[in-house]
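Naming convention: chains lettered A, B, ... in sequence-line order (proteins, then strands); numbering from 1 in each chain.
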Number of protein chains: 2
Amino acid sequence: MSAIIRFMNYEQLLRERDLKVTPQRLGILTLMHQSGHISIEDLYEKISRQFSSISLATLYKNVHAMIETALVKEVKIPSMKSKYELIKAPHAHLLCTQCGSFEDVSVPMEQIEAMLPHGVHFKTTESSLVFSGICETCQKG
Amino acid sequence: MSAIIRFMNYEQLLRERDLKVTPQRLGILTLMHQSGHISIEDLYEKISRQFSSISLATLYKNVHAMIETALVKEVKIPSMKSKYELIKAPHAHLLCTQCGSFEDVSVPMEQIEAMLPHGVHFKTTESSLVFSGICETCQKG
DNA sequence: AGCTAAGTGAGAAAAGTTATCCTTAAAAAC
DNA sequence: GTTTTTAAGGATAACTTTTCTCACTTAGCT
Ligand SMILES: [Mn+2]
Ligand SMILES: [Mn+2]
Ligand SMILES: [Zn+2]
Ligand SMILES: [Zn+2]
């Protein structure tokens, strides 16, 4: 039910971008939503369970099409492979260097963009911020 | 002359890390310093002029050794290949999406690290911040 | 100068990504 | 609803990037 609603949203998001709605694409979007952030490798492993014959080429082609149409974003992470996420409101990320957890964190990006030194005339359109360190769980453990 | 002084510094930096001082390594460090930020590809192209027989394997091995010993840092950049730089004081980066220029910018990283929401107990050890947008030159042109 | 561990270079191998080509299926037209 | 059109999927080859292996050389030490 909520799955149906979600699928319909994905269908709409794809149609708005002139991308055909295919089961593979719905699967990719669903997995990205569920995982929050997912690497190509993990995405392939998971989607292969649903579509045992899906080709890696299909996966790459789709992820790129979705990036080009601003549906998905690549997140580059220090010392690990990129992960992909559905585009949403600007936010930063927390990477735990101990357990590898990778999470969203709400940070006022506009405020950060306002912190460029006076005299630097750069028109920022987007910014990428990743904090690396130790997560709460690892601090306790 | 200033080249000699620089080389001596690099020698010391290598020795402190128990890395043998080789002409290839001095060349790599010199190029990184000159370029500020350089991709593996460009580094290989440039260093090949000095050491026509240098192997890509040597380049990769050295860059990794220097990363592991905290002499060099990989900078991941949205929608382009990573660049490498000599480690220095924490700073952020400006990427011009029009001309591709990539530069350091001085930003108080500790202050930014203090902007995590209250209730988020993450112990940040390092953070990576890249502003994407239009540089001053491109704004004028 | 001689010894030893580390580094270099060449090429093979592996990993990651993209291109090609034919088949299949979604969307549009009828 | 059926036909037509076009985009997408799948298999595989090709290409790019990175790592590995191994024989040889060199730096650092005595
Ligand atoms: Mn995120
Ligand atoms: Mn820098
Ligand atoms: Zn952790
Ligand atoms: Zn520019």
How about B/His93 and B/Phe102: are their ring centres within less than 6.0 Å of each other?
yes
Does B/Thr125 have any side chain to side chain contact (heavy atoms under 4.5 Å, CB included) partners at least two apart in sequence or in another chain, and if so, which?
none
Take the C1' atoms of the five end pairs on each side of the helix from C/dA1-D/dT30 to C/dC30-D/dG1, get both axes, and report the angle to 10 degrees.
40°
When all nucleic acid strands are considered with a 4.0 Å heavy-atom cut-off, which category describes B/Thr58: base, sugar-phosphate, or nothing?
base
Please state how far atom CZ in B/Phe51 lies from atom P in D/dT26, giving the value in whole angstrom units.
13 Å
Whole angstrom value for the distance that separates P of C/dG11 from CD1 of B/Ile54:
16 Å
Quickly work out the A/Met80 CE to C/dG16 C1' distance and round it to whole Å.
18 Å
Could a donor-acceptor pair under 3.5 angstrom be found where the side chain of A/Lys81 meets the base of C/dG16?
no
Starting at CD1 of B/Ile47 and ending at P of C/dG9, how long is that distance when rounded to a whole Å?
9 Å
With no hydrogens and no angle check, do the side chains of B/Ser82 and B/Glu74 hold a donor and an acceptor under 3.5 Å apart?
yes
If each of B/Ala57 and A/Lys61 is mapped to the nucleotide of DNA chain D with the nearest heavy atom, which maps nearer the 5' terminus, i.e. the 5' end?
A/Lys61
With a 4.0 Å cutoff (strictly under), does any side-chain N or O of A/Gln24 reach OP1 or OP2 of D/dG10?
yes
Less than 4.0 angstrom between a side-chain N/O of A/Tyr60 and OP1 or OP2 of C/dT18, yes or no?
no
Quick check on DNA chain C: between A/Lys20 and B/Ser52, whose nearest nucleotide comes earlier from the 5' end?
B/Ser52
D/dT6 P sits how many Å from A/Leu19 CG, rounded?
17 Å
Check the phosphate of D/dG28 against B/Arg15, side-chain N and O only, distance under 4.0 Å to OP1 or OP2. Yes or no?
yes
Looking only at side-chain N and O atoms, does B/Thr22 come under 4.0 Å of OP1 or OP2 in C/dT8?
yes
When the distance from NE2 of B/His64 to C1' of D/dT19 is rounded to whole Å, what number comes out?
9 Å
To the nearest Å, give me how far apart CZ (B/Arg17) and C1' (D/dG28) are.
18 Å
Using a cut-off of strictly less than 4.0 Å, decide whether B/Asn62 has a side-chain nitrogen or oxygen near OP1 or OP2 of C/dG7.
no
Non-neighbouring partners of A/Gln139 that pass side chain to side chain contact (heavy atoms under 4.5 Å, CB included), sequence neighbours left out
A/Ile134, B/Lys123
